[in-house]
Every structure is written in structure tokens, then in C-alpha cells.
Amino acid sequence: MTESQRETERKYEAPSADDTSWLPDLTGTDGIASVVDQGTADLDAVYYDTDDLRLAATSATLRRRTGGSDAGWHLKLPLSGDSREEVRAPLSEEVPDALRELTLSRTRGAALRPVVRIRSTRGVRQLVGSDGTALAELSVDAVRAESLVGTGTRAAWTEMEVELASDTDPALLDAVEKALGSHGIGRAHNPSKLARALEETEVGAPRVPDAPAEAVVPGTAGEAVLRYVDERIRALVDLDPAVRRDLPDAVHKMRTTCRRLRSVLRSYRPVLDRKVTDPVRDELKWLGTELGAERDHEVLRERLGARIEALPRELVFGATSARLQVWDVGDTSEARLRTIATLNSPRYLALLNILASLTERPPLRAKAARQPEKVMAKAILKEYGRLSDRMTHALELPPGTKRDKALHEARKAAKKTRYATEPARDALGKPAKRLGKRVKAVQQVLGDHQDSVVARDALRTVALAAHAAGEPSFTWGLLYGQEQAAADRDERELPPVWAEASRRALRKALHR
């Protein structure tokens with residue numbers, strides 16, 4: 001069993017833990033009414049990582065800590081800015097399975113073992129507001145670190161950290177930092193105790209990737225594409241724990257990340273060798289498909305639930321909500337099991353290893369060394385050409401199943417075109433952003449249309465089940481009609497939206 005909390009903190013250099021006369025009085029700083037001494041505590045933590053420090057390389061830490069008020073296993077995962085998420089599990093001798101699984105996207109299956117022991121004598125002070133509420137905690141730590149990987153090297157230092165209470169405005173950190181700075185107290189050079197311990201006990205820094213066979217030249221098309229690919233790979237790794245814990249929108253974000261990677265690896269084949277990247281694209285497609293079952297059902301459930309909720313009560317016949325719930329529970333459970341099985345599979349771990357090697361040893365082609373403007377504009381125009389062909393074909397078809405399928409293909413082409421603009425935004429500037437925005441508008445209309453197609457199919461299935469059980473089918477038919485009307489409306493809106501992203505507008509945007 002685990003629990004989690006968000007922590008927002010900053011670390012500072014501190015001259016001494018024994019004599020804290022250097023610490024300024026923060027009373028009166030941005031709503032701090034008093035500073036209350038909470039005494040001291042002795043903390044003892046053993047940090048775990050892989051042999052090549054894969055957790056540390058991705059700004060994550062895993063420790064087993066005794067002492068203090070929060071003894072147990074702590075997995076810290078990076079968020080934005082000064083924040084991290086801490087997932088906790090009760091004390092045990094071995095790494096808890098739940099936390100081991102949450103590290104898999106980072107360890108890629110490599111064994112975890114103790115690397116550093118850090119003991120701290122912590123003096124704690126609460127920064128309290130005028131209403132008696134704790135706004136933050138200020139702690140001064142006398143730290144002793146010891147390598148556990150053979151060298152036995154030791155190090156010691158003093159540091160201070162300020163951690164916000166859960167509901168405190170982050171602006172307090174800036175005010176406290178200003179007050180500390182006026183007394184010569186600056187930020188710590190290392191982002192965490194572990195980072196400093198690894199450095200000072202000579203365990204080593206996280207493994208630096210091997211230099212690529214062909215150097216990536218700054219300012220080139222290759223550098224721009226690889227930077228984007230690396231960002232998406234990191235995003236996928238970061239999203240894995242959120243998907244495992246079923247956090248809101250996590251599956252959707254991970255699936256979209258797969259699509260972005262697949263799309264860019266295809267669009268920029270002149271930069272990255274497709275003999276290497278096409279198999280990667282195939283595996284990303286597999287992962288996205290496996291995640292799709294849960295995400296598609298989530299979207300459909302929300303859409304149908306909102307439709308039923310919006311109906312006047314006098315138009316809802318039979319056990320409509322109960323029937324929808326029966327449909328939902330069965331499909332949701334199956335989709336969730338499929339997602340977790342996928343993330344625990346050897347195939348997924350193999351994909352993570354391939355992605356790691358893709359940026360460490362990028363398969364660059366000759367055009368990777370060229371200036372990015374022409375290379376990237378050409379790639380975008382090529383994707384746009386495919387989109388234009390699919391849109392023309394779809395709009396020429398009469399309403400019906402064939403047109404629905406053609407519009408869905410156009411939607412996928414719109415996504416590819418939009419994603420192709422994303423790595424080019426630094427090189428092409430506002431024109432690439434403008435085009436991406438126009439194509440996104442097309443994609444959104446096509447997406448709503450496709451959601452209606454899927455919803456109608458689901459409504460027919462549920463209506464048949466209701467009819468077979470002797471329940472009224474009126475409401476399901478009404479909802480089906482609403483979805484048909486929504487699809488018709490999308491088809492009427494599509495031509496003018498598409499005109500905004502016409503080839504003429506495209507060329508004007510890219511060459512402005």
C-alpha cells in the first residue's frame with residue numbers, strides 16, 4: 001500500500017548546524033507571524049539505484065529511511081519547478097514491489113541496490129502564519145554521507161531547506177529566499193542530498209551517455225529533431241508511474257506522447273535513418289494501441305455520461321444510468337488490466353531500452369548536418385501534402401460509412417502535420433506555430449466527428465442489450481440521434497476550418 005504527496009522545497013548552503021546564529025529571523029516575511037522551534041531528529045536513509053545510477057540520471061530518488069515522523073520507503077519523482085511527488089510505502093527489508101514497479105520506466109529492469117547511506121541530524125523550525133497555521137518548515141541538517149558501493153568514502157556538510165505546507169502560496173518561497181539572500185545565504189549547488197553525496201563520496205555522477213558515432217552539431221536540423229525526440233522520450237518515462245497509479249489524464253498523455261514520437265520519426269526520415277527508426281515506430285504503435293483501449297473507453301464514457309446528464313428527466317426511460325454503468329464497469333476493468341499488463345511486459349522494457357539508445361547513438365543521415373529551416377519546412381510541406389490529399393478525397397464522398405472512414409484518415413494526417421511543426425518552432429518561429437494552430441483546429445473538428453462515430457456504435461450496442469433485457473430503448477435512440485446531428489454539424493463546419501489551413505495559407509505561413 002502506498003500514499004503520495006506533493007512537496008515543494010528549496011535547498012540552501014548553511015555554514016553550521018551547531019551554531020545557528022547565522023540564521024536570520026524570518027518573522028514578518030510575507031505573512032510569517034512566528035518561527036517555532038520543533039526540536040531535532042536523527043534520520044538515517046539508505047538510497048537505492050542501479051549500477052549506472054539510472055534513477056539519479058532522471059532526477060528520481062528511492063530511499064529507505066528510519067527516524068523522524070515519516071519513516072518508511074520514499075520514492076521521489078520530479079515535477080515542475082521546485083516541486084516533486086513523494087510516494088511512500090511502509091518500512092520493509094526489501095524494496096516494496098509497488099515502488100519497484102513505479103521505477104521500471106527509469107531502471108528498465110536493471111537491479112536496484114544500496115548506493116549511499118545518508119544520516120542527518122535535523123533541526124526543525126515551523127514558519128507559522130497569524131492564524132496559527134504552519135506555512136512552511138525550515139530545517140537545518142548536519143549531513144554525513146557514506147558510499148555503499150565499495151569505496152567506503154565519507155563526506156559531511158551542512159545544508160538548509162525550506163519546504164512549503166500543502167496549501168501555502170509558492171510565492172512564500174521567493175520572499176524567504178530574498179530574506180535569506182540579504183544575509184548572504186544562497187542556494188545549494190546540488191539539487192538534492194543524494195546528488196551531493198554521489199559527488200562527494202566518489203560513487204560517481206549518473207552515467208553520461210556514450211558519445212554518438214557522429215557528433216550532433218548545434219544549430220543543425222539533426223540537433224533540433226533529436227532535442228525534440230529526447231524531450232518526448234523523457235516525457236514518456238515520467239508518465240509511466242502516473243499511468244500505473246491511474247492518475248487523471250495520464251493514459252491520454254502517454255498515448256499522445258507515443259503518437260508524437262512516431263509521427264516525428266516518420267516526418268524527419270531525411271534526418272534520422274528509417275532503417276533504425278521504423279522498427280521503433282512499430283513498437284510505439286503497439287504501445288499506443290495497448291493504451292488506446294483504456295483511453296478510448298474513458299473518452300466514450302465521459303461523452304455518453306454527459307449526454308445522459310443533459311437530457312430532461314422526462315426523456316429518460318428505464319434504468320439508463322444503470323445500463324451505462326454495467327457497460328462501463330466491464331470494459332473499464334478489462335482495459336485497465338490490459339494497460340498494466342503492457343507496462344509490465346518484456347516487450348515494453350525492450351522498447352524503453354531502444355528509446356534510450358536512440359538519443360545516445362542517433363542514426364543521423366547526411367541532411368542532419370544542414371541548417372534546419374529548409375530541411376524542416378520541406379518535411380512539414382510533405383506531411384501537409386498527405387493531409388490535403390486525404391481531405392480532398394473525404395470531402396468529395398457522400399455522407400456515410402466511407403466518408404466517416406476517410407475523415408478519420410484525414411484526422412490522423414492532420415495530427416502528423418501538426419506534430420511535424422513542433423520540432424521546427426525554434427527554427428521557423430511564428431509561422432510554424434501559426435500553421436500548427438490552424439491544423440489543430442482542423443484536427444479538433446475531425447476528432448469530434450470521429451468521437452461521434454464511435455459513440456453511435458457504442459449506443460447501438462447498449463441499445464441492443466437493453467432491448468434484449470426488455471428495457472425501453474427510446475433514450476438510447478434519442479442519444480443516437482443527437483450524435484448523428486453532432487456529426488452532421490461537424491461536417492458542415494469542416495470546409496471553412498479547412499480553408500484556413502489551405503495550401504496557400506500554408507505557404508504564406510512558412511515563407512513569411
Side-chain angles (χ1 to χ4, degrees), residues 252 255-256 289 292-332 335 387-415 418 438-501:
H252 169 57
R255 188 185 184 195
T256 300
T289 299
E294 185 170 359
R295 173 57 185 168
D296 290 345
H297 184 79
E298 179 184 344
V299 170
L300 187 56
R301 178 183 66 239
E302 292 174 358
R303 186 180 182 100
L304 296 183
R307 291 280 192 208
I308 293 173
E309 188 66 27
L311 286 176
R313 293 300 92 191
E314 64 269 19
L315 297 181
V316 179
F317 292 89
T320 304
S321 296
R323 172 60 60 184
L324 184 64
Q325 187 175 9
V326 169
W327 165 84
D328 176 37
V329 169
D331 283 15
T332 297
L387 168 60
S388 181
D389 291 343
R390 283 164 176 72
M391 283 295 300
T392 299
H393 172 65
L395 293 175
E396 288 175 347
L397 294 172
T401 302
K402 288 186 178 180
R403 191 183 209 198
D404 291 342
K405 291 180 179 179
L407 289 173
H408 183 45
E409 292 302 313
R411 178 197 183 194
K412 291 190 285 187
K415 287 181 180 180
R418 175 187 161 205
R438 289 172 177 169
V439 174
K440 183 179 180 180
V442 175
Q443 176 192 326
Q444 287 174 331
V445 175
L446 291 169
D448 191 66
H449 182 274
Q450 177 61 17
D451 287 347
S452 176
V453 171
V454 175
R456 276 178 277 156
D457 184 61
L459 285 167
R460 184 176 183 278
T461 299
V462 176
L464 287 172
H467 177 75
E471 301 169 9
S473 301
F474 172 83
T475 303
W476 302 113
L478 179 61
L479 294 173
Y480 190 99
Q482 287 184 344
E483 289 293 353
Q484 182 64 65
D488 294 342
R489 183 171 60 252
D490 291 331
E491 291 187 31
R492 290 193 299 271
E493 292 177 0
L494 185 57
V497 175
W498 169 238
E500 287 294 315

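Index from 1, following the sequence.
Residues A414 and Q443 share a closest heavy-atom pair of CB-CB, 4.1 Å. Nearest heavy atoms, L397 versus A406: CD1-CB, 3.7 Å. Residues A455 and L304 come closest through the heavy atom pair CB-CD2, 4.2 Å. Taking all atoms of both residues into account, the shortest heavy-atom contact from A410 to L387 is O-CD1, 3.5 Å.
In this structure, T320 OG1 and E471 CD are separated by 8.0 Å, a value rounded to the nearest 0.5 Å. Atom CG of residue L459 and atom CH2 of residue W476 lie 7.0 Å apart, to the nearest 0.5 angstrom. Between atom NE2 of residue H449 and atom CG of residue D404 there is a gap of 4.5 Å, rounded to the nearest 0.5 Å. The CD atom of Q450 lies 4.5 Å from the NE2 atom of H408; values are rounded to the nearest 0.5 Å. A distance of 8.0 Å separates CG of D488 from OG of S452, quoted to the nearest 0.5 Å. Between atom CD1 of residue I308 and atom CD of residue Q482 there is a gap of 10.0 Å, rounded to the nearest 0.5 Å.
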(Q) Set out, in order, the CA-CA distance, both residues' side-chain angles and the distance that settles side chain to side chain contact (heavy atoms under 4.5 Å, CB included) for V442 and L494, then state yes or no. (A) CA-CA 7 Å; V442 175; L494 185 57; 4.3 Å; yes
Q: Give the intermediate values and the outcome of side chain to side chain contact (heavy atoms under 4.5 Å, CB included) for residues V316 and R313.
A: CA-CA 5 Å; V316 179; R313 293 300 92 191; 3.9 Å; yes
Q: Run the numbers on L315 and T475 for side chain to side chain contact (heavy atoms under 4.5 Å, CB included), then give the verdict.
A: CA-CA 7 Å; L315 297 181; T475 303; 5.8 Å; no
**Q.** Audit row: R303, D448, salt bridge (charged side-chain N to carboxylate O under 4.0 Å, His left out) steps and yes/no
**A.** CA-CA 10 Å; R303 186 180 182 100; D448 191 66; 3.3 Å; yes
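Here the rule is salt bridge (Lys or Arg N to Asp or Glu O under 4.0 Å) with E483, and of R460, R456, R489, R307 only R307 fits it. Between E409 and the options K412, K405, R411, a salt bridge (Lys or Arg N to Asp or Glu O under 4.0 Å) holds for only K412.
Counting only heavy atoms from C-beta outward, the side chains of L479 and L311 approach each other to under 4.5 Å. Counting heavy atoms from C-beta on, the side chains of W498 and L395 come closer than 4.5 Å. Considering only heavy atoms from C-beta on, S473 stays 4.5 Å or farther from Y480 through its side chain.
By the 6.0 Å contact criterion, CD on E309 is open, its count of non-hydrogen atoms from other residues, nucleotides or ligands being 12 or less.
Side-chain N or O atoms of R390 include none that pairs as donor or acceptor with a backbone N or O of S388 at under 3.5 Å.
Using a cutoff of 4.0 Å between basic side-chain nitrogens and carboxylate oxygens, R403 and E396 are not scored as salt-bridged.
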